[in-house]
Amino acid sequence: QTSVTVMVNPLEPQMAKTPQHLTLVPEEKAFPVAFKQMQLQHDQFFILGTDSNGRDILSRLIVGSQVSLKVGIFAMGLAAIIGCFLGVLSGYFGGWVDMLIMRFTDIMMSFPDLLLVMAIVAVKGPSLSVIYVAIAVVSWTQFARIVRGQVLTVREMEFVEAAKSVGAQDGLIMFKH
(Lines give C-alpha, C1' and ligand atoms only; values in the text may rest on other atoms or scores of the structure.)
Protein backbone atom coordinates (compact mmCIF):
# COMPACT_ATOMS: atom_id res chain seq x y z
CA GLN A 1 0.00 0.00 0.00
CA THR A 2 1.57 3.30 -1.14
CA SER A 3 0.61 6.58 0.48
CA VAL A 4 0.51 9.74 -1.61
CA THR A 5 1.29 13.31 -0.52
CA VAL A 6 -0.28 16.25 -2.31
CA MET A 7 2.21 19.09 -2.84
CA VAL A 8 0.74 22.52 -3.60
CA ASN A 9 2.61 25.75 -4.27
CA PRO A 10 1.36 28.09 -1.49
CA LEU A 11 2.56 31.18 -3.35
CA GLU A 12 0.05 30.65 -6.14
CA PRO A 13 -3.35 30.23 -4.49
CA GLN A 14 -5.28 30.57 -7.75
CA MET A 15 -3.54 27.45 -9.08
CA ALA A 16 -4.23 25.50 -5.90
CA LYS A 17 -7.98 25.80 -6.46
CA THR A 18 -7.97 23.80 -9.68
CA PRO A 19 -7.24 20.06 -9.36
CA GLN A 20 -5.31 19.79 -12.65
CA HIS A 21 -2.40 21.78 -11.14
CA LEU A 22 -1.93 19.51 -8.11
CA THR A 23 1.22 17.41 -8.09
CA LEU A 24 1.04 13.94 -6.60
CA VAL A 25 4.30 12.68 -5.13
CA PRO A 26 4.75 9.33 -3.38
CA GLU A 27 5.40 9.99 0.31
CA GLU A 28 8.65 8.03 0.44
CA LYS A 29 10.13 10.39 -2.20
CA ALA A 30 8.79 13.55 -0.60
CA PHE A 31 10.16 12.74 2.86
CA PRO A 32 13.17 10.42 2.53
CA VAL A 33 14.15 10.60 6.21
CA ALA A 34 11.67 9.87 8.95
CA PHE A 35 11.11 12.89 11.20
CA LYS A 36 11.39 10.91 14.41
CA GLN A 37 14.75 9.50 13.38
CA MET A 38 15.93 13.00 12.44
CA GLN A 39 14.86 14.45 15.77
CA LEU A 40 16.58 11.67 17.69
CA GLN A 41 19.87 12.32 15.91
CA HIS A 42 19.75 16.12 16.08
CA ASP A 43 22.82 16.33 18.32
CA GLN A 44 25.02 14.94 15.54
CA PHE A 45 23.74 17.02 12.63
CA PHE A 46 21.81 20.02 13.97
CA ILE A 47 23.33 22.24 16.64
CA LEU A 48 20.02 23.79 17.74
CA GLY A 49 17.91 20.80 16.76
CA THR A 50 14.93 20.69 14.47
CA ASP A 51 11.36 21.89 14.63
CA SER A 52 8.30 19.65 14.45
CA ASN A 53 8.62 19.47 10.64
CA GLY A 54 12.27 18.36 10.72
CA ARG A 55 13.76 21.68 9.58
CA ASP A 56 17.08 22.87 11.00
CA ILE A 57 16.48 25.65 13.54
CA LEU A 58 19.96 27.18 13.20
CA SER A 59 19.68 27.66 9.44
CA ARG A 60 16.21 29.17 9.82
CA LEU A 61 17.57 31.52 12.51
CA ILE A 62 20.43 32.63 10.26
CA VAL A 63 18.17 33.28 7.29
CA GLY A 64 15.65 35.11 9.48
CA SER A 65 18.27 37.40 11.02
CA GLN A 66 19.63 38.68 7.70
CA VAL A 67 17.12 41.51 7.34
CA SER A 68 17.57 42.62 10.94
CA LEU A 69 21.34 42.72 10.56
CA LYS A 70 21.12 44.65 7.29
CA VAL A 71 18.83 47.26 8.82
CA GLY A 72 21.02 47.60 11.90
CA ILE A 73 24.30 47.87 10.02
CA PHE A 74 23.16 50.18 7.21
CA ALA A 75 21.00 52.43 9.40
CA MET A 76 23.67 52.87 12.06
CA GLY A 77 26.36 53.34 9.41
CA LEU A 78 24.34 56.12 7.80
CA ALA A 79 23.61 57.66 11.20
CA ALA A 80 27.32 57.56 12.07
CA ILE A 81 28.27 59.29 8.81
CA ILE A 82 25.68 62.05 9.27
CA GLY A 83 26.34 62.49 12.98
CA CYS A 84 30.13 62.53 12.67
CA PHE A 85 30.02 65.03 9.83
CA LEU A 86 27.72 67.43 11.70
CA GLY A 87 29.58 66.92 14.98
CA VAL A 88 32.93 67.77 13.39
CA LEU A 89 31.49 70.88 11.73
CA SER A 90 29.87 72.00 14.95
CA GLY A 91 32.88 71.41 17.16
CA TYR A 92 35.52 72.78 14.81
CA PHE A 93 33.88 76.03 13.72
CA GLY A 94 32.04 76.85 16.96
CA GLY A 95 30.11 80.11 17.18
CA TRP A 96 26.88 80.39 15.21
CA VAL A 97 27.56 77.14 13.30
CA ASP A 98 27.82 75.23 16.58
CA MET A 99 24.72 76.95 17.92
CA LEU A 100 22.69 76.18 14.78
CA ILE A 101 23.70 72.51 14.54
CA MET A 102 23.30 71.84 18.27
CA ARG A 103 19.86 73.49 18.42
CA PHE A 104 18.78 71.38 15.44
CA THR A 105 20.16 68.34 17.27
CA ASP A 106 18.15 69.29 20.37
CA ILE A 107 14.99 69.65 18.28
CA MET A 108 15.55 66.22 16.70
CA MET A 109 16.16 64.66 20.13
CA SER A 110 12.89 66.11 21.45
CA PHE A 111 10.79 63.95 19.09
CA PRO A 112 9.97 60.38 20.14
CA ASP A 113 12.13 58.11 17.98
CA LEU A 114 9.56 55.42 17.25
CA LEU A 115 6.86 57.95 16.38
CA LEU A 116 9.17 59.80 13.99
CA VAL A 117 10.26 56.56 12.28
CA MET A 118 6.63 55.51 11.86
CA ALA A 119 5.73 58.93 10.42
CA ILE A 120 8.58 58.81 7.89
CA VAL A 121 7.66 55.29 6.79
CA ALA A 122 3.98 56.29 6.53
CA VAL A 123 4.82 59.24 4.28
CA LYS A 124 7.43 57.54 2.08
CA GLY A 125 6.00 54.02 2.01
CA PRO A 126 7.31 50.79 3.50
CA SER A 127 10.63 49.62 2.05
CA LEU A 128 14.01 48.70 3.47
CA SER A 129 15.71 51.81 2.12
CA VAL A 130 13.09 54.05 3.76
CA ILE A 131 13.55 52.20 7.03
CA TYR A 132 17.35 52.66 6.80
CA VAL A 133 16.94 56.39 6.33
CA ALA A 134 14.22 56.74 8.97
CA ILE A 135 16.29 55.02 11.63
CA ALA A 136 19.35 57.05 10.63
CA VAL A 137 17.34 60.28 10.89
CA VAL A 138 16.48 59.60 14.52
CA SER A 139 19.86 58.12 15.50
CA TRP A 140 22.46 60.59 14.23
CA THR A 141 22.04 62.96 17.15
CA GLN A 142 23.99 60.83 19.64
CA PHE A 143 26.91 60.57 17.23
CA ALA A 144 26.89 64.34 16.63
CA ARG A 145 27.02 65.16 20.34
CA ILE A 146 29.83 62.74 21.11
CA VAL A 147 31.96 63.80 18.13
CA ARG A 148 31.37 67.49 18.87
CA GLY A 149 32.66 67.04 22.43
CA GLN A 150 35.79 65.28 21.20
CA VAL A 151 36.45 67.91 18.52
CA LEU A 152 36.11 70.69 21.09
CA THR A 153 38.95 69.15 23.13
CA VAL A 154 41.20 68.34 20.16
CA ARG A 155 40.64 71.75 18.55
CA GLU A 156 42.60 73.44 21.34
CA MET A 157 45.65 71.16 21.16
CA GLU A 158 49.06 72.34 19.93
CA PHE A 159 49.22 70.26 16.74
CA VAL A 160 45.98 71.84 15.49
CA GLU A 161 47.35 75.31 16.26
CA ALA A 162 50.56 74.39 14.43
CA ALA A 163 48.61 73.21 11.40
CA LYS A 164 46.65 76.48 11.35
CA SER A 165 49.83 78.52 11.67
CA VAL A 166 51.44 76.87 8.62
CA GLY A 167 48.32 77.61 6.57
CA ALA A 168 46.54 74.25 6.44
CA GLN A 169 42.96 74.50 5.23
CA ASP A 170 40.09 73.90 7.64
CA GLY A 171 38.82 70.85 5.75
CA LEU A 172 42.24 69.18 5.92
CA ILE A 173 42.57 69.90 9.64
CA MET A 174 39.07 68.63 10.42
CA PHE A 175 39.35 65.34 8.61
CA LYS A 176 43.05 64.58 9.03
CA HIS A 177 43.56 65.53 12.66
Side-chain angles (χ1 to χ4, degrees), residues 1-90 101 104-151 175:
Q1 197 176 33
T2 303
S3 60
V4 175
T5 302
V6 177
M7 304 199 60
V8 179
N9 186 355
L11 300 177
E12 298 182 27
Q14 71 276 6
M15 291 180 67
K17 293 177 185 173
T18 59
Q20 65 265 22
H21 290 95
L22 297 178
T23 306
L24 300 177
V25 179
E27 193 168 308
E28 57 269 2
K29 289 185 181 176
F31 306 108
V33 179
F35 291 135
K36 290 182 181 178
Q37 182 184 7
M38 187 182 294
Q39 288 175 347
L40 290 175
Q41 296 176 356
H42 78 294
D43 291 336
Q44 296 173 353
F45 302 110
F46 306 109
I47 296 172
L48 296 180
T50 59
D51 60 6
S52 61
N53 293 328
R55 297 174 294 198
D56 181 23
I57 293 176
L58 179 62
S59 63
R60 293 172 60 80
L61 183 68
I62 290 170
V63 169
S65 65
Q66 287 178 351
V67 173
S68 299
L69 288 173
K70 284 179 189 176
V71 169
I73 290 170
F74 290 131
M76 285 299 113
L78 185 60
I81 291 169
I82 295 169
C84 289
F85 179 74
L86 291 175
V88 167
L89 287 179
S90 176
I101 293 173
F104 181 66
T105 303
D106 290 340
I107 290 169
M108 290 300 297
M109 291 179 78
S110 68
F111 290 109
D113 290 347
L114 184 60
L115 185 63
L116 190 55
V117 168
M118 288 174 31
I120 292 170
V121 171
V123 169
K124 292 293 188 180
S127 73
L128 279 179
S129 58
V130 171
I131 292 172
Y132 297 155
V133 172
I135 292 174
V137 163
V138 299
S139 302
W140 66 268
T141 55
Q142 291 87 2
F143 290 102
R145 286 199 171 271
I146 291 170
V147 170
R148 175 189 174 266
Q150 292 300 314
V151 170
F175 294 105

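In this structure, CD1 on Ile131 lies 11.5 Å from CD1 on Ile120, to the nearest 0.5 angstrom. To the nearest 0.5 Å, atom CZ of residue Arg148 and atom OG1 of residue Thr105 are 9.0 Å apart. With rounding to the nearest 0.5 Å, the separation of CG in Leu89 from SG in Cys84 is 11.0 Å. Here CD1 of Ile82 is found 11.0 Å from OG1 of Thr141. Values are rounded to the nearest 0.5 Å. To the nearest 0.5 Å, the span separating CD1 on Ile62 from CD1 on Ile57 amounts to 12.5 Å.
Of the listed residues (Leu114, Leu115, Val117), just one forms a side-chain contact (heavy atoms from CB on, under 4.5 Å) with Val138, and that residue is Val117.
Panel note: side chain Ser139, backbone Ala136; no donor-acceptor pair is recorded below 3.5 Å. For Asn53 (side chain) and Arg55 (main-chain N/O), no donor-acceptor pair under 3.5 Å exists by modelled atom type.
Every residue two or more places apart in sequence or in another chain was checked for a ring-ring contact (aromatic ring centres under 6.0 Å, His included) with Phe85, and none qualifies.
Pairing each heavy atom of Val147 with each of Gly87, the nearest pair is CG1-C, 3.9 Å. Considering all non-hydrogen atoms of both residues, Ala134 and Val121 come closest at CB-CG2, 4.4 Å. Between Gly49 and Asp56, the shortest heavy-atom distance links the atoms O-OD1, 3.5 Å.
Residue pairs meeting the side-chain hydrogen bond (donor to acceptor under 3.5 Å, both in side chains) criterion with at least one partner in residues 111-137, sequence neighbours excluded, are Ser127-Ser129.
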Subject >> Audit row: Leu116, Met108, side-chain contact (heavy atoms from CB on, under 4.5 Å) steps and yes/no >> reply: CA-CA 9 Å; Leu116 190 55; Met108 290 300 297; 3.8 Å; yes

